[in-house]
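Accompanying notes for the structure given below.
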Amino acid sequence: MNTWKRQMAVVLGVALSASLLWGCSGGAGSDKEISSAGDQKSQKAETSAEGNEAAGSGSEAGTHTAGGAGELSWPEADIQCIVTAGAGGGTDAVARAVTTPLEKELGKPVVVINNGSAGGMVGMEEIAAADPDGYTLGVFSNTDVANFVYGSDGCEFGLEDFTYIAGLNSTGDVLVMKKGSSYQTIDELIAYAKENPGAVTVALPSTIQNLSLSLMNQAMGIETTGVVYEGGNKVFADLVGGHIDAGILSAKFIAQADEQEMKILGLMLNERLETFPDTPTFMEQGYDISNPAVRMLVGPKDIPQELVEKIQDALKVCYEGEAREGLLTIGESPVLRTGEDLDAFLKDDFAMREELLN
């Protein structure tokens with residue numbers, strides 16, 4: 001009996017010790033672990049709720065912050081801007097004059113990449129194939145894209161494959177006579193050209209200016225011979241040297257032509273340019289010759305409208321200061337077109353080019 005009592009005392013002592021140990025160590029530790037797991041689940045639930053709220057606040061994934069509905073988080077990385085022309089040309093100069101202040105306004109670098117391969121067609125293909133997330137933009141002109149779409153058999157994109165964000169400038173071609181030319185008026189040129197069909201040779205910086213030449217010949221009722229060069233600088237050099245009768249150049253050459261005392265017969269726009277107010281248009285002289293060139297900031301199709309508007313708003317700020325001054329410095333007229341204004345211009349312009357190029 002005494003033995004049995006001693007055994008029970010040992011068993012009860014062990015059980016009591018185990019209970020005390022559980023309460024002091026194992027039990028308290030488990031309570032702490034359960035509380036921690038509960039906090040983690042709560043934090044995950046809150047994070048998930050925030051993520052769902054952020055995803056639901058925007059029409060496109062990745063374009064909104066979690067902080068509030070409608071607030072764009074773009075841009076969160078560098079923006080690539082493909083310029084469909086070589087470095088140092090007019091399109092490149094316009095692009096850099098605008099993107100430099102634009103990156104300051106957006107707070108992220110806008111990296112200019114020149115791709116003038118195949119006359120710019122390759123660069124346009126890259127823009128059209130990019131994701132519509134705002135991180136691939138481009139700069140080309142209305143004349144460039146229309147000439148490929150309507151005048152090239154190898155073109156694999158259409159006008160509808162781009163988002164036209166903004167027109168950046170306004171310019172046009174001018175007809176410049178060679179240095180020392182005996183033809184100082186339009187009437188003198190027309191009279192000679194009618195008496196000698198095809199005898200007047202006109203230098204063209206590229207095949208794109210063939211349209212300007214065709215418009216001029218049609219409006220004046222004459223026949224001239226176009227000679228395609230590799231760039232405006234070479235055309236200008238031959239005009240200064242007197243090696244060709246006339247040349248069709250972009251308006252940025254007006255100042256250089258004036259310095260060389262070369263006669264400019266007219267500007268191929270409906271109105272005079274702000275940058276060259278003394279150069280008359282052909283229209284005001286009675287000849288319906290208008291071939292406007294507008295360099296545009298574009299992107300692939302289907303860029304969300306709210307993102308487009310954010311870029312446009314940033315550009316409007318830039319055109320109140322640095323972008324405007326930068327364009328004037330390089331002899332470009334700083335005309336910013338957006339929204340309905342740009343849409344209306346492109347609708348009429350593309351219709352005109354389709355009729356003439358097809």
Side-chain angles (χ1 to χ4, degrees), residues 79-99 102 110-132 135-173 203-214 226 228-236 248-253 268 291-301 303 327 330 332 337 342 345-346 349-350 352-354 356-358:
I79 301 163
Q80 174 180 264
C81 182
I82 300 172
V83 176
T84 63
T91 301
D92 178 65
V94 169
R96 293 178 188 274
V98 174
T99 56
L102 180 61
V110 180
V111 182
V112 172
I113 299 174
N114 296 94
N115 190 346
S117 299
M121 183 185 290
V122 175
M124 292 183 194
E125 290 174 349
E126 288 185 3
I127 298 168
D131 292 331
Y135 290 102
T136 299
L137 304 177
V139 173
F140 57 67
S141 74
N142 58 313
T143 60
D144 295 332
V145 67
N147 274 312
F148 284 128
V149 171
Y150 296 132
S152 176
D153 294 333
C155 182
E156 297 183 355
F157 52 81
L159 298 176
E160 70 282 356
D161 289 326
F162 302 97
T163 298
Y164 301 95
I165 299 170
L168 305 178
N169 74 324
S170 179
T171 190
D173 291 331
L204 311 173
S206 71
T207 56
I208 292 176
Q209 280 73 30
N210 273 317
L211 179 57
S212 291
L213 183 63
S214 296
V228 178
Y229 281 57
E230 294 182 357
N233 289 330
K234 293 184 178 180
V235 171
F236 189 78
I248 293 178
L249 291 167
S250 65
K252 72 173 186 174
F253 284 94
M268 299 180 182
N291 186 16
V294 175
R295 274 103 176 194
M296 300 179 291
L297 184 67
V298 304
K301 68 178 180 180
I303 293 180
L327 289 169
I330 61 174
E332 295 286 354
R337 289 185 175 93
L342 179 61
F345 166 78
L346 290 178
D349 186 80
F350 287 155
M352 178 268 288
R353 295 179 193 282
E354 181 179 18
L356 292 171
L357 294 172
N358 281 343

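When reading the values below, keep in mind they use all heavy atoms of this one structure, side chains included, and skip hydrogens, waters and symmetry mates.
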Starting at [atom1] of [X], measure out to [atom2] of [Y] and round the result to the nearest 0.5 Å.
X      : Y      : atom1 : atom2 : answer
Leu137 : Ile303 : CG    : CD1   : 6.0 Å
Leu168 : Leu327 : CG    : CG    : 7.5 Å
Phe148 : Phe157 : CZ    : CZ    : 6.0 Å
Asn210 : Leu357 : CG    : CG    : 9.5 Å
Met124 : Ile82  : CE    : CD1   : 11.0 Å
Ser212 : Leu249 : OG    : CG    : 10.5 Å

Minimum heavy-atom distance [X]-[Y], with the two atoms named:
X      : Y      : value
Asp349 : Pro292 : OD1-CG, 3.8 Å
Leu159 : Tyr164 : O-OH, 2.7 Å
Gln209 : Asp173 : CG-OD2, 3.7 Å
Asn114 : Ala87  : ND2-N, 3.6 Å
Cys81  : Val139 : SG-CG2, 3.8 Å
Pro300 : Ala128 : CB-O, 3.9 Å

Does the side chain of [Y] come within less than 4.5 Å of [X]'s, by heavy atoms?
X      : Y      : value
Arg353 : Val149 : no
Ser170 : Arg337 : yes
Thr84  : Ile127 : yes
Gln80  : Val111 : no
Glu332 : Thr171 : yes
Tyr150 : Leu356 : no
Met296 : Phe140 : yes
Thr143 : Leu211 : no

- Ala293 backbone acceptor or donor facing Asn291 side chain under 3.5 Å: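 Not confirmed, Asn291 side chain does not pair with Ala293 backbone.
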- Query: Between Asn142 and Val294, is there a donor-acceptor pair closer than 3.5 Å when you use the side chain of the first and the backbone of the second?
  - Reply: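 The answer is yes, because a donor-acceptor pair under 3.5 Å joins these two groups.
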- Query: Among Thr91, Val98, Val94, which one satisfies side-chain contact (heavy atoms from CB on, under 4.5 Å) with Asn169?
  - Reply: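 With Asn169 as partner, Thr91, Val98, Val94 yield a single side-chain contact (heavy atoms from CB on, under 4.5 Å), made by Val94.
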- Task: May I ask you to check whether over 12 heavy atoms, not counting those of Glu160, lie within 6.0 Å of atom CD?
- Result: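 Yes, because the 6.0 Å sphere around CD of Glu160 holds more than 12 heavy atoms from other groups.
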- Do Ser141 and Asp144 have side-chain N/O donor and acceptor atoms under 3.5 Å apart?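 Looking only at side-chain atoms, Asp144 and Ser141 do form a donor-acceptor pair, the distance falling under 3.5 Å.
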